[in-house]
Amino acid sequence: MIRIAFIFSILLSISLAYDPYSTSMTARRERNLDHLDVETLSYYLGINSKTKKSIEGAEYVGYDVAVMFYAQWDRMSHTLAPYWDNIGTKLNAGSKQSKLIMGLFDCELNLEHAELCTAAGVMLYPTLLFIGSGPFHDTDPITRIVGKDRAAGPSGAATIPRTVKFQGNWQYTDSVKDWIRTMQGLSRWHRWTSEGFLWNLRKGLLGLLQTGGGRKSDISASSLPVGIPVSSGSNAQTSVLESTLETVTEAGELMERAATHASLLLENILFPPEKDAFKAMTDADAWDKKNNSDPEIQVLRSCVTDLCLDYCSRLSTRMTNEYLDEILSGEIDSDYDLKAIETDLKNRLSEKEVYCGIFDDCLAEDFVSEKCRPDKCPLSQNGCTYVTACFDNSIKKEYAVALKLIEKGDEFPPKKKAEQVVLNADSNDNKKSNEWLGI
């Protein structure tokens, strides 16, 4: 039993990992925890998922929501995650009986997630937020004089109505569980005082009459909805559905572009050019971010770092899955702690691809170190082949559009620029940037 709990804690911690190429996600439930998407959390918060502004007429959804906001790089978030899951299990979160949903939300999955966290007033990781019925007062008129955030506590004051933040030490996990129960009690009390005893009694009797006084045996009847409740007909729901339609449309366009991008990458792997993208970076002095005068160098730098990150991320994910298989099969001692596992995985990655082992640090420091700026491809043959896609004209054009260097449909490099490059092919000023263009 201890072994199973340990393995699940690893899986849950790894499930918080950031995928740099994820653009969206769909709400899902694992055990008693909901992994929330932007639309669902916006609905619970009563704000528009696009504008991040409060929706007039947004109502209490009928049950409470406790959310853990996290970032994949934050060790504290990974430490709290298994305990958050344990609290969800003890409180039977996700069931109608509990009238509580406990969720996780990755603030740095993408820009849209980051904007929603800002709107929710997330100032540090992890942040625990409770969403319930009625106002929660985390400050008072006297202490507010010293500053609202400071008066509320280390996590700052709640910025959205019907929400309140946990201000205690989450390392005492029982205090987190007690806090959720207390907030549920306050939320329930507000419902009774605002709606009235007779209203609730009448609603309960009508519910019994409509269902015939019996309980349904299927699981869905005893579980709270995953995602936005389809039965809701409020103004908030209409607004959320409208923004969801926009999101789906944008996602369709994104998928179309992604399919084209994947096709170009596959063609490059099948028929790779005999060039070295890292040598081109060195020759064009593209490692230095200050060298932004030439749009072609900007495209080269963005493409190489992007594809290198993608390759290393895919390799890391593959090796992590293989590592978990070893744990489950008993090949590795399951008494490892998370820090030891992280170190072991990083060592394995470095043995497989040395450059992938240091790439995250290089990216964080903008490749200032010489070891981060190899003059030839440091990856295996597969990795080097993958990165040579940056020589493909269609790929260059995609990056130029993404960087807003050109408009969609324009030529890249611009005709005028291309003619100038040809005329000055022997010039020392243009020699470095022309090599990777193949001019």
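No experiment lies behind these values; they were computed from the predicted model shown.
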Inset, instruction - First locate atom OG of Ser42, then atom CD of Glu115, and finally report the distance between them rounded to the nearest 0.5 Å. - result: 10.5 Å
Legend entry - Shortest non-hydrogen separation from Thr163 to Leu129 and the atoms involved: CB-CD1, 3.9 Å
Legend entry - Listed partners of Asp74 passing side chain to side chain donor-acceptor pair (under 3.5 Å), at least two apart: Ser77
Inset, instruction - Take the angle between the ring planes of Phe105 and Phe69 and call it parallel below 30°, perpendicular above 60°, tilted in between. - result: perpendicular
Inset, instruction - Decide yes or no for Arg301 and Met281: does some side-chain heavy atom of the first lie under 4.5 Å from some side-chain heavy atom of the second? - result: yes
Legend entry - Side-chain donor/acceptor of Asp310 to backbone N/O of Asp306, under 3.5 Å: no
Inset, instruction - Identify the two heavy atoms, one from Cys390 and one from Leu307, that lie closest to each other, and give their separation to 0.1 Å. - result: SG-CD1, 3.8 Å
Legend entry - Expected output: side-chain Thr182 to main-chain Asp178 donor-acceptor under 3.5 Å: yes
Legend entry - Within-4.5 Å side-chain heavy-atom neighbours: Thr89 and Arg31: yes
Inset, instruction - Indicate yes or no for a side-chain donor-acceptor contact from Arg373 to the backbone of Thr282 under 3.5 Å, with no hydrogens or angles considered. - result: no
Which donor-acceptor pairs under 3.5 Å do the side chains of residues 350-364 make with protein atoms, sequence neighbours left out?
residue	atom	partner	partner atom	Å
Ser350	OG	Lys346	O	3.0
Glu353	OE1	Ser380	N	3.3
Glu353	OE2	Tyr311	OH	2.7
Glu353	OE2	Ser380	N	3.1
Glu353	OE2	Ser380	OG	2.7
Tyr355	OH	Cys372	O	2.9

Legend entry - Thr385 side chain to Gln381 backbone, donor-acceptor under 3.5 Å: yes
Inset, instruction - To the nearest 0.5 Å, tell me how far Met102 CE sits from Ile180 CD1. - result: 4.0 Å
Legend entry - side-chain contact (heavy atoms from CB on, under 4.5 Å) evaluation trace for Ser223 with Arg29: CA-CA 11 Å; Ser223 301; Arg29 180 168 297 159; 4.1 Å; yes
Inset, instruction - For residues Ala284 and Leu300, report the shortest heavy-atom separation together with the two atoms involved. - result: CB-CD2, 4.3 Å
Inset, instruction - Could I get the full list of ring pair (Phe, Tyr, Trp, His ring centres under 6.0 Å) partners for Trp179, not counting sequence neighbours? - result: Phe166
Legend entry - Asp64 side chain vs Gly132 backbone, donor-acceptor pair below 3.5 Å: no
Inset, instruction - Could you tell me whether a side-chain N or O of Lys397 sits under 3.5 Å from a main-chain N or O of Asp410, the two making a donor and an acceptor? - result: yes
Legend entry - Atom pair CE/CG of Met68 and Leu36 - distance to nearest 0.5 Å: 12.0 Å
Inset, instruction - For the residue pair Leu80 and Tyr70, establish whether any side-chain heavy-atom pair is separated by less than 4.5 Å. - result: no
Inset, instruction - Evaluate the criterion side-chain contact (heavy atoms from CB on, under 4.5 Å) for residue pair Asp174 and Lys177; output intermediate values, then yes/no. - result: CA-CA 5 Å; Asp174 283 342; Lys177 182 178 66 176; 4.2 Å; yes
Legend entry - For the student: nearest non-hydrogen atoms of Ala27 and Thr40, plus distance: CB-OG1, 3.8 Å
Inset, instruction - List for me each residue that meets side chain to side chain donor-acceptor pair (under 3.5 Å) alongside Ser98, sequence neighbours excluded, and say none if there are none. - result: Ser95
Inset, instruction - Evaluate the side-chain proximity of Ile131 to Arg162: yes if any heavy-atom separation is below 4.5 Å, no if none is. - result: yes
Legend entry - Under 3.5 Å donor-acceptor, Asp392 side chain and Ser394 backbone: yes
Inset, instruction - To the nearest 0.5 Å, tell me how far Phe130 CZ sits from Leu100 CG. - result: 6.5 Å
Inset, instruction - Kindly give the heavy-atom pair with the smallest separation between Phe278 and Cys308, and that separation in Å. - result: CZ-SG, 4.2 Å
Legend entry - Side chain proximity check, Ile101 to Tyr44, heavy atoms < 4.5 angstrom: yes
Inset, instruction - Assess the pair Trp73 and Tyr125: is the distance between their ring centroids shorter than 6.0 Å? - result: yes
Legend entry - Pairwise side-chain contact, Leu116 with Leu41, heavy-atom cut-off 4.5 Å (strictly under): yes
Inset, instruction - Measure across Ala120 and Leu45 and return the closest heavy-atom pair with its distance rounded to 0.1 Å. - result: CB-CD1, 4.3 Å
Inset, instruction - Would you confirm whether Asp366, through its side chain, and Val368, through its main-chain N or O, come within 3.5 Å as a donor-acceptor pair? - result: no
Legend entry - Enclosure of Gln97 CD (heavy-atom neighbours >12, cutoff 6.0 Å): no
Inset, instruction - Look at the side chain of Ser302 and the backbone N and O of Val299, then say whether any donor-acceptor pair between them is shorter than 3.5 Å. - result: no
Legend entry - Of all pairs that satisfy disulfide bond (SG atoms under 2.5 Å apart), the ones with a partner from residues 81-136, not counting sequence neighbours: Cys107-Cys117
Inset, instruction - Could you walk me through whether Leu104 and Val67 pass side-chain contact (heavy atoms from CB on, under 4.5 Å), step by step? - result: CA-CA 6 Å; Leu104 295 161; Val67 185; over 6 Å; no
Legend entry - Nearest-0.5 Å distance, NE2 of residue His113 to OG1 of residue Thr118: 12.5 Å
Inset, instruction - Could you walk me through whether Asn32 and Asn92 pass the side-chain contact (heavy atoms from CB on, under 4.5 Å) test, one step at a time? - result: CA-CA 7 Å; Asn32 294 90; Asn92 198 22; 3.7 Å; yes
Inset, instruction - Check whether any side-chain heavy atom of Arg181 lies under 4.5 Å from a side-chain heavy atom of Leu91, and answer yes or no. - result: yes
Legend entry - Contacts of Thr388 that satisfy side chain to side chain donor-acceptor pair (under 3.5 Å) - sequence neighbours left out: Asn268
Legend entry - Reported OG-to-OH distance for the pair Ser187 and Tyr60, which is rounded to 0.5 angstrom: 3.5 Å
Inset, instruction - State, yes or no, whether a side-chain contact exists between Asn321 and Thr317 at a heavy-atom distance under 4.5 Å. - result: yes
